[in-house]
Each structure stands twice: as structure tokens, then as C-alpha cells.
2 protein chains.
Amino acid sequence: MLDLAILGLLEEQELHGYEIRRQLRDSLGLLANVSFGSLYPALARLEAAGDVEAVDGADEVAPTAPPTGSLSGERAVLRARRHSRPRGRRSRKAYRITGQGRRTFARLLAGDGADDARSFGLRLAFARHLPPPARLALLERRRAQLVERLAEVDGARSEATLDVYARSVVEHTAEGVARDIHWLERLIEAERKPDGQRAAGRAASRRESGGRVAGRPAMAGKGNERN
Amino acid sequence: MLDLAILGLLEEQELHGYEIRRQLRDSLGLLANVSFGSLYPALARLEAAGDVEAVDGADEVAPTAPPTGSLSGERAVLRARRHSRPRGRRSRKAYRITGQGRRTFARLLAGDGADDARSFGLRLAFARHLPPPARLALLERRRAQLVERLAEVDGARSEATLDVYARSVVEHTAEGVARDIHWLERLIEAERKPDGQRAAGRAASRRESGGRVAGRPAMAGKGNERN
DNA sequence: CGTCGCTATATCGGCCCGATATGATGGACC
DNA sequence: GGTCCATCATATCGGGCCGATATAGCGACG
């Protein structure tokens with residue numbers, strides 16, 4: 001699971017461990033808050049397997065530092081002259097993905113394996129690396145799994161005798177799954193109609209203020225699935 | 001995390017491992033789908049710690065494992081038990097919670113520790129074993145955690161450049177957290193108004209008659225171990 | 001008569017996490 | 001100017017959970 005995230009980030013640039021964690025936390029947010037206790041072993045694992053290789057580049061550009069060109073820049077230059085290591089706190093180990101690593105990434109991304117919420121979220125977050133049919137398959141596979149699990153629970157839910165608290169937890173969880181299914185179905189529908197912007201589209205998706213999520217008026221509360 | 005679930009179920013009746021898993025899956029549903037690979041080690045752990053004890057027999061007061069000292073003797077006992085229970089199955093090992101186990105359960109339930117979604121759901125599902133102030137504290141603690149995490153993410157979300165898929169995942173996850181917060185606030189409100197007030201402190205659990213677990217029915221006074 | 005399916009317990013390897021240690025650097029405080 | 005703290009950065013360790021697998025008893029199906 002971590003392997004997928006790491007390789008996905010390294011697909012675009014070489015990074016060191018600390019920065020991988022930062023990007024995962026900042027951009028993927030709540031989905032992937034990875035701990036160092038799993039990150040560094042995962043990197044060592046991937047390196048041993050030949051999916052990534054360490055590059056001793058202390059000179060790669062810091063990805064989140066926009067060139068403001070002001071005092072900090074000059075100070076950085078001075079520090080570089082003195083210590084011959086720009087922005088380097090401690091010795092960093094940057095990693096680069098290998099050819100084999102790219103194949104591993106593709107395999108993990110399309111993997112048929114069981115996906116929990118985390119794994120699926122990660123796969124979908126990297127879905128731009130998938131060919132469109134595989135994207136659709138990923139979405140529909142996940143939807144089928146959720147539908148099945150929800151059906152199982154709905155069967156048992158009617159006969160169980162639970163107190164207020166347990167019932168609230170169960171209901172809330174089930175509603176969450178139903179909401180996930182709804183979300184997946186919207187994604188599937190959007191995926192089926194070719195919209196013009198896709199493939200490389202990082203420039204196309206920038207200005208998308210028409211917002212599907214932020215200010216949605218009312219969510220068609222048709223299904224009152226409380227039994 | 002599993003310890004809480006196991007002790008919570010054993011608070012009401014003695015059960016064997018397979019049945020614990022069944023009840024967890026059927027009643028708690030999507031929240032707690034526990035695997036055997038963690039359940040049986042957890043039971044062994046709890047037994048070694050003295051929080052539960054094994055009762056052999058599962059429906060009668062069969063003397064617990066007479067230490068004859070010879071393996072053949074114990075095998076004979078097993079064979080005899082098999083003959084007395086001709087209905088299918090394999091030899092089962094039922095567990096009963098101990099007094100120390102009840103204290104452990106109370107400690108885990110009110111535990112200040114960090115709670116992820118699973119742990120919190122489990123705690124809330126057993127919230128009837130908590131005194132009302134602790135219930136409220138549990139809800140508000142969780143709510144505060146979610147609010148904080150959502151705020152962190154909302155800050156980083158505005159500046160990140162993500163493609164359509166990653167953005168959709170992040171938005172959906174954030175909405176899920178917002179929905180959880182909403183749910184918690186409804187629960188907090190419901191908890192604050194005393195309304196019917198059917199269960200101030202003691203009569204919260206109604207169990208059907210015939211429970212042999214109630215060996216000592218005279219639970220006079222407040223059995224609430226304060227944390 | 002084999003084998004499938006269900007109940008039931010148990011172990012193993014692997015992954016992930018939280019806690020902790022270590023080390024280097026720079027800014028804040030006084 | 002020295003001390004303390006925060007941040008960046010890598011790494012290890014113990015422990016918990018999971019999926020896969022092994023074992024075992026028994027009823028039912030064909």
C-alpha cells in the first residue's frame with residue numbers, strides 16, 4: 001500500500017523520505033498520513049527489490065520553494081558556499097524510480113487485489129496513470145464491493161437488537177458506505193462520457209470552479225434507508 | 001483495539017472465538033470485520049494477562065481442564081465431550097471475563113488515547129457502559145480531533161495542484177470528515193438534553209433472563225470504577 | 001465414497017504504526 | 001554569546017492487525 005504511494009510520487013520527481021511524507025500528508029491529506037516507522041522500511045524494501053535506487057543528490061531543487069528571489073535566496077547561496085550543501089540539514093537520501101519500479105507501479109495500480117478504503121483512494125488518486133478502461137474497471141470493481149458489503153450488513157441490521165449508541169454507529173457507517181457508492185457512481189458516469197479533457201490534462205483541470213462538491217445545493221435525499 | 005471489542009462482548013455473556021467474530025461482524029457490521037489472525041492471538045493475550053479466563057464446555061459447568069498430567073487423559077476428556085455433544089463442531093474454547101478484565105474494559109473504553117475511526121466507533125458502540133459525562137467527553141474529544149484535522153487539510157487543499165482524480169478523492173474524504181463532525185454534533189446535542197432520562201447510571205443494560213453470567217446479581221452501589 | 005461446506009482453533013510472514021534515538025542546523029531568548 | 005527549542009532528516013524496535021494457510025470434525029450432496 002505504501003509502495004504504491006511512494007512509487008507514484010517518484011514517478012514524477014526524485015524525493016527523499018521526509019519530503020515524500022510531507023507531500024503525501026499535504027496533498028493527499030486525510031487519506032495518507034504515513035508514519036516514518038513504515039515509510040523508511042518501505043523505502044529500504046523498495047530499494048532492495050530494485051524498484052527504486054538511491055541518488056546522492058544533495059543538489060536537487062527543493063520542490064516547494066518558489067524562487068522569490070529575495071533575501072532567502074541570497075542567504076541560501078551564502079550557505080551553499082560555506083557548507084557546500086544547499087538547504088541540507090542532515091544528509092538526505094533521495095530516491096529515483098527505476099524501470100522495474102515503473103512496472104511495479106503499473107502492476108500495483110491496476111492490481112486486482114482486495115482494496116480497502118485507503119488502497120482504493122490511493123489508486124484513484126493516481127488514476128491518471130491508468131488507461132481509461134482500467135480506470136473504469138477500478139471504479140466499478142470498488143462499487144461492486146461496496147454494494148455487496150452494504151447488502152450483507154443491511155440483512156443483519158434488521159434483526160439485531162442494539163442500543164442507541166451502537167445503532168447510531170452502525171447506521172452512520174452504513175450511510176457512509178451508501179454515500180461512497182453514490183460518489184463512485186457519479187465518477188463512473190463522468191468517466192463514461194468522454195469530456196475532452198483528460199490524458200495529460202494538468203492544465204485543463206486547473207480552473208474548475210464550477211464545483212461539483214463545494215456548494216452542492218441539495219443532495220436528493222431520496223433514499224431513506226433506515227429500516 | 002480488539003481487546004476492547006472482545007471484552008465488551010464478554011461483558012454480557014461468555015463466548016468462544018468464532019462466535020465473537022460472528023457477533024462482531026453481524027451486529028457491528030462494517031465497523032468491525034475482525035480476522036481470525038488477530039482474534040485468536042488477542043484472546044490468548046487477554047488470557048495471559050488475566051483479563052479473561054477459558055471455560056471449557058461452552059454450555060455446562062464442565063470442570064476446567066482437569067490437570068491429570070497425561071496427554072492421553074486430556075484426549076479422553078475431549079473424546080468424552082465429543083460424544084456428549086454429537087452435534088457437529090469442533091471442540092470450542094469459551095471465554096469468560098474476569099474482574100480485572102472488567103477494569104481493563106472500563107479503562108480502554110474511557111481511554112484518553114488517540115482514536116482512529118475504528119477505535120472511536122467501537123468505543124461509541126459500547127458507550128452504554130460509560131457514565132454520561134464520559135460519553136459526552138468521548139464525543140467532544142473526537143469532534144475536536146476531526147475539526148482540527150479538517151482545518152489542517154483545508155489549509156493545504158487550496159494551494160495544491162491536483163488532477164481531477166486526486167482532487168476528487170481529497171474532496172470526498174474531506175466531505176466525509178465534515179459529515180462525521182455533523183453527526184457527532186447531533187449526538188452531542190442529543191446527549192446534552194436529558195430528555196427521557198431512562199438510564200442515569202445503572203439500568204442501562206437490559207439483558208434477557210437466563211444469563212448465567214450474572215453470577216453475582218447484587219451489584220449494589222455504583223460499580224463504576226473511576227478512572 | 002469423495003469432496004464440499006460449515007464450524008472451530010491456531011500459526012506464520014508481512015505490513016503498518018507509535019515511540020524512541022540520533023544528528024545536524026538555525027532561530028529565539030536572555 | 002550561549003542555551004534551549006523547533007525543524008529537518010534518517011533509522012530501529014516492539015507490537016498489533018491482516019491474509020493465507022493448516023488442521024480438524026462432521027453433515028450433506030451426488
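Below, chain A is the first sequence line, B the second, and so on; all start at residue 1.
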Proximity to the side chain of [X] - top-ranked nucleotide from [options]:
X	options	value
Ser35(A)	dT9(C), dC17(C), dG19(D)	dC17(C)
Tyr40(A)	dA11(D), dA10(C), dC17(C)	dA11(D)
Phe36(A)	dC17(D), dA10(C), dA11(D)	dA11(D)
Pro41(B)	dT11(C), dT10(D), dC18(D)	dT11(C)

With sugar-phosphate meaning primed atoms plus P, OP1 and OP2, does [X] contact a base, only sugar-phosphate, or nothing at under 4.0 Å between heavy atoms?
X	result
Leu39(A)	nothing
Gly17(B)	sugar-phosphate
Arg118(A)	sugar-phosphate

*asked:* If you apply the rule side-chain contact (heavy atoms from CB on, under 4.5 Å), what do you find for Gln13(A) with Arg96(A), and how did you get there?
replied: CA-CA 7 Å; Gln13(A) 51 186 320; Arg96(A) 174 196 303 148; over 6 Å; no
*Comparing Ala42(B) and Lys93(A) on DNA chain D - which has the more 5′ nearest nucleotide*: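 Closer to the 5' end of DNA chain D: Lys93(A).
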_Salt bridge or not between Arg149(A) and Glu152(A)? Use side-chain N to carboxylate O under 4.0 Å._
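Looking at Glu152(A) together with Arg149(A), the answer is no, because their closest N to O distance does not fall below 4.0 Å.
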_Sidechain N-carboxylate O distance under 4.0 Å for Arg143(B), Glu140(B)_ =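 Result for this pair is no, no salt bridge flagged.
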*Please report, rounded to the nearest Å, how far the P atom of dT7(C) is from the CD1 atom of Ile20(B).*
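The distance from CD1 of Ile20(B) to P of dT7(C) comes to 16 Å, rounded to the nearest Å.
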_Output the rounded distance in Å from CD (Gln23(A)) to P (dC8(D))._
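Taking atom P of dC8(D) as the reference, CD of Gln23(A) is at 14 Å.
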*Counting only side-chain N and O atoms of Arg45(A), is one of them less than 4.0 Å from OP1 or OP2 of dC16(C)?*
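True: Arg45(A) side-chain N/O within range (under 4.0 Å) of dC16(C) OP1/OP2.
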*Report yes or no: does Thr98(B) contribute a side-chain atom to a donor-acceptor pair with the main-chain N or O of Gly50(B) at less than 3.5 Å?*
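At least one qualifying donor-acceptor pair exists.
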*asked:* Need to verify one output field. Residue with the more 5' nearest nucleotide on DNA chain C, Tyr95(B) or Ser38(A)?
replied: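 The 5'-side residue here is Tyr95(B).
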